[in-house]
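Notes follow the structure.
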Amino acid sequence: MVDVSEAEGDREVPICPSIPSGEQTVWADASSVLQLACNDLRDGELIHAENFNLFAAMSALEIMDPKMDSGMVRTYYSVDEAIEYGAAPIPLSFDKTVDVQRVIDIMDHLLACEATWHKGCSLAQTVFSCLYLLRPDRTSSHALLHSYCRVMRATCNAVVCTVSDTRTNEEEDLFTMTHGLPLKVDGDDKCLTMLHAVEETIARQLRACKATLSKKRVTEDIEPLQNNPDLEEGFCKSLLCRLRFRKHFYHVVTNMKRPQGRGLELAKKHIACCFEELESMIKSAEFLRSINAPGTSEDGMKNETTASGCQPVGFDSTLNSRLSAPTPPRAIETISWKKAAEYFQKLLHELEIICSYSLDPVFEGVLRFVVEFQKFQPELVSRAHLQHLLVQDGKLYGRDSVFAVICKASLLPEVAKNHDIQKNETVVQLGQLLITLLRVLCTNISWQRRKLGKILQDWRIIHVQLELAFRKECGDISATSRHENICMKICRHILIWVEEQTYWIASRFLMLGFELDLYSTGEYCMVYWYMYIILIKLAERTHMRAMTSNEISKKKGKKKRDLVKDGGKDNQLPPAILFLQCHVYLAEGLTMMLAALRNERQIYLSTGPFNSEHERFVQHFELLLKACLPDHVSYYSFEETTAHARLSSVSMYNCFKETQRIAKELRSNFSNDSDKMAELRRIEQVAEHNSVALSLISRLGAVDASLKVQFEFSHHPFFATAVVKRS
């Protein structure tokens, strides 16, 4: 009902005769009221009844609206109706040449659909928009199309199983939802046998068309692929590379699922074959375009979903749209065939990296590999295969028990992994946390950062629980002596390692914020300050683990913090600690540099109309503060530390100089480690550029007001480089 008096004040509004609709309510024609109201309403105003709910209105499905009603936008109402109207003919054409062309177009469009599905769209509206896949029996009379559809279904099923098992897909994705589609069909397990037979036939046809006249007499009984002899070789090559790519890709996804990484070497060989066939597919595009659209440039084909540029037959993306309920159908835009080929090149490169992995039994090496792998911004499918390799049956690589991994990471002797303490409930929980960490690190970086922040508190709590459980099991573990038993040794080592891992997770959490562009320039100072604190703690725990392993007593009269800070001068520090020390110095130098610019030149202040700097500090580091990482850290300690920073401070210059010195000295230690060498080069560049920029600002800043300082991530993804310019 519309309240006429509120809408129109004292105006007389003609009311049409009411239509009875019940004992207490009537329908009334409000058209005239609404028309008059429209003349007076301004932008943003709304007429509504007292019981109106905006959220409910926005969530409602509007019948007959193409954007909201999944049944509106469709060409056919069922697969049978589409087939009846000739949308998926068999054969595709009675002209063999046209039939072959159309089969190639179907193969190409399916490749584009598969890439679109991998990017997070619904399987029902991408790959299974193909009518030939929805009715498997119809293609049985067409050996070429039938064999391709079979291996396509089998590949999709293998990928769905891998992603479902690992759960690396984002919660909003429809990737693993099959909607009851015919993903598993009897006989698909023998798909390669049929594909191989078809491939052999086409290979013989290719040899026949390339044979000399004398050899043709021998091969006359081989029926050609199609009717045009001038096109025979091109069509045979185009089909063969597509069939072989599909065959090798199926081998890749199935071999990579074999337990304990046993299929990695074989998968790597098939990946090499996939690259070759994919390159041949890209080259065949010129031949296919010359037949269907002669004179068309490659740029004119950039949005087409087939190499030939023709629209494929047998597809309807709206047919399965109702299967996406209860949400309205997503608008699916299939990526182009060219982009699909680029996607598979990237995916294969990522899978090749996984297959080349040495299955490092040391947990630190596993973390390094996963972090380096994430720098490629890997696709969902490759991340799923990585997780499947790392975590199988609750073990690392499906072979190493979690407790054995923890013992090795804690630098305990080999005999420790068989100790009965592994049956302790809290130790079992620690193992579960370790598995969860590996799973989280295999997700995309935005999801990963969110999950890392949440599990920080779990790691902090498990440390306390372990300490209590170990005291109950072994007695006092705080004191060290030459006569301590194996139980006490295990407890001390594991507790130190857990703390080290907790600070590693915290550092990863902070660094991912740069990669996700979550920090504004005015917030860099507080972020680097917190990174500096966390990295110092991480270096301390890493050093403590090494000392505990070597049974080196702590230096008397020297605090742990001082030990790390003076690490560059301490020859006893191992290279791993010095490597961390480089990051500590960089974070400290950037903190002081940004603080000095804020204090002296009033730039990069964290100000805004909505949030104070204190509020932003809490928002960014809330999860760290809740986990007390580290203890007694607050905004006020940050403010106190940075309040007196000045550009003339010698310690700031020393931070960058020390970073350069240590990085150069470490080159000989990591000469066989390409990743560490690359990181050292990046660190050196950041330190060198910031040292020069600091000198320029100090020397010219006071006399040249036109100097502007900008911070860029041109040399390192996490540590900014200062760039000095004249405005």
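All values reported here derive from a predicted model rather than from experimental measurement.
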Evaluation steps, salt bridge (charged side-chain N to carboxylate O under 4.0 Å, His left out), between R598 and E613: CA-CA 13 Å; R598 284 155 49 110; E613 187 176 59; 2.8 Å; yes
Check against side chain to side chain contact (heavy atoms under 4.5 Å, CB included), F718 and E515: CA-CA 7 Å; F718 311 130; E515 207 164 331; 3.7 Å; yes
F509/L629 under side chain to side chain contact (heavy atoms under 4.5 Å, CB included): CA gap, chis, key distance, verdict: CA-CA 12 Å; F509 173 82; L629 286 171; over 6 Å; no
Criterion side-chain hydrogen bond (donor to acceptor under 3.5 Å, both in side chains) on R541 and Q501, from CA distance to verdict: CA-CA 9 Å; R541 297 306 182 273; Q501 282 307 122; over 6 Å; no
C655 and L586: CA distance, side-chain angles, deciding distance, side chain to side chain contact (heavy atoms under 4.5 Å, CB included) verdict: CA-CA 7 Å; C655 285; L586 267 189; over 6 Å; no
Criterion side-chain hydrogen bond (donor to acceptor under 3.5 Å, both in side chains) on S401 and K417, from CA distance to verdict: CA-CA 9 Å; S401 72; K417 68 179 183 180; over 6 Å; no
Steps toward side-chain hydrogen bond (donor to acceptor under 3.5 Å, both in side chains) verdict (Q387, T166): CA-CA 6 Å; Q387 186 186 314; T166 57; 4.7 Å; no
Working for side chain to side chain contact (heavy atoms under 4.5 Å, CB included), residues M652 and L694: CA-CA 9 Å; M652 196 188 315; L694 201 53; 3.5 Å; yes
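Comment: K657 does not engage E688 in a salt bridge, judged by the lack of any side-chain N to carboxylate O separation of less than 4.0 angstrom. Salt-bridge annotation for E379 and K119: present, with a side-chain N of the basic residue lying under 4.0 Å from a carboxylate O of the acidic one. One finds no salt bridge joining E679 and K676 here, because no Lys/Arg side-chain nitrogen approaches an Asp/Glu carboxylate oxygen to under 4.0 Å. A salt bridge does not link E342 to K346: none of the charged nitrogens lies less than 4.0 Å from a carboxylate oxygen. Salt-bridge check for K408 with D360: failed, with every basic side-chain N at 4.0 Å or more from each acidic carboxylate O. Of the charged side-chain nitrogens involved, none lies within less than 4.0 Å of a carboxylate oxygen, so that E372 and R368 do not count as a salt-bridged pair.
Side-chain contact between Y519 and L510 is present, with at least one heavy-atom pair separated by less than 4.5 Å. With contacts defined as side-chain heavy-atom distances shorter than 4.5 Å, the pair Y585/I662 qualifies. Between Q345 and H349, every side-chain heavy-atom pair lies at or beyond the 4.5 Å cut-off. In this structure, C407 and F403 have side chains that are in contact, with non-hydrogen atoms separated by less than 4.5 Å. Contact check for F373 versus I354: side-chain heavy atoms found under the 4.5 Å cut-off. Taking 4.5 Å as the limit, some side-chain heavy atom of L597 sits within range of a side-chain heavy atom of V709. Residues V723 and F711 are not in side-chain contact: their nearest non-hydrogen atoms beyond the backbone lie 4.5 Å or more apart. The shortest distance between side-chain heavy atoms of K268 and S356 falls below 4.5 Å.
Taking CG of L623 as the reference point, atom CZ of R449 lies at 8.0 Å (rounded to 0.5 Å). If you take SG on C582 and CD1 on I683, they are separated by 5.0 Å, rounding to the nearest 0.5 Å. For the atom pair CD of Q465 and CG of N424, the computed distance is 10.5 Å after rounding to the nearest 0.5 Å. Distance CG/N599 to OG1/T642: 6.5 Å, rounded to 0.5 Å. Y530 OH to C525 SG: the interatomic distance, rounded to the nearest 0.5 Å, is 15.0 Å. Between the CZ atom of R460 and the SG atom of C628 there is a distance of 6.5 Å, given to the nearest 0.5 Å.
When all heavy atoms are compared, the tightest approach of I421 to C487 is CD1-SG, 4.1 Å. Pairing each heavy atom of G394 with each of V402, the nearest pair is O-CG2, 3.2 Å. Scanning all heavy atoms of the two residues, the minimum distance from M592 to A645 falls at O-CB, 3.9 Å. Between G589 and F656 the shortest heavy-atom distance is C-CZ, 3.6 Å.
The environment of K626 atom NZ is sparse: at most 12 non-hydrogen atoms of other residues, nucleotides or ligands sit within 6.0 angstrom. The 12-atom threshold is not exceeded at CD of E364, counting heavy atoms of other residues, nucleotides or ligands nearer than 6.0 Å. Around the CD atom of E712, the shell of radius 6.0 Å holds more than 12 heavy atoms that belong to other residues, nucleotides or ligands. Heavy-atom contacts from other residues, nucleotides or ligands closer than 6.0 Å to CD of Q619 number more than 12.
Taking the six-membered ring where the residue is Trp, the centroids of H583 and F719 are separated by under 6.0 Å. Taking the six-membered ring for Trp and the full ring otherwise, the centers of F369 and Y357 sit less than 6.0 Å from each other.
Under the side chain to side chain contact (heavy atoms under 4.5 Å, CB included) test applied with Q429, the options I461, L466, I462 reduce to a single match, I462. Evaluated for a side chain to side chain contact (heavy atoms under 4.5 Å, CB included) with I496, the options H543, M544, H463 yield exactly one hit, M544.
Side-chain polar atoms of E500 and T542 form a donor-acceptor pair below 3.5 angstrom. In summary, the side chains of Q685 and H716 do not present any donor paired with an acceptor at a separation below 3.5 Å, with no hydrogens or angles considered. A side-chain donor-acceptor contact under 3.5 Å links Q448 and R508. For the 3.5 Å distance criterion, the side chains of T443 and K451 fail to qualify, holding no donor opposite an acceptor. Remark: the Y653 side chain and the S698 side chain contain an N/O donor-acceptor pair separated by less than 3.5 Å. With hydrogens and angles left out, the side-chain atoms of Y343 and H118 include a donor and acceptor closer than 3.5 Å.
With hydrogens and angles disregarded, a donor-acceptor distance shorter than 3.5 Å links the side chain of E600 to the backbone of L647. Side chain of Q374 to backbone of V371: no donor-acceptor contact under 3.5 angstrom is found. A donor-acceptor pair is defined here as one N or O able to donate and one able to accept, closer than 3.5 Å; such a pair exists between the side chain of N690 and the backbone of A720. Not a single donor-acceptor pair under 3.5 Å links the side chain of S382 to the backbone N or O of L347.
A tilted orientation is assigned to the rings of F617 and W529, their planes being inclined by 30° to 60°. The aromatic rings of F363 and W497 sit perpendicular, their planes meeting at an angle over 60°, well past the 30° parallel limit. Y635 and H614 have parallel rings, their planes meeting at less than 30° on a 0 to 90° scale where 60° marks the start of perpendicular. Using cut-offs of 30° and 60° on the angle between ring planes, the pair F713 and F514 is tilted. Ring orientation note: the planes of H715 and H689 are tilted relative to one another, at an angle of 30° to 60°.
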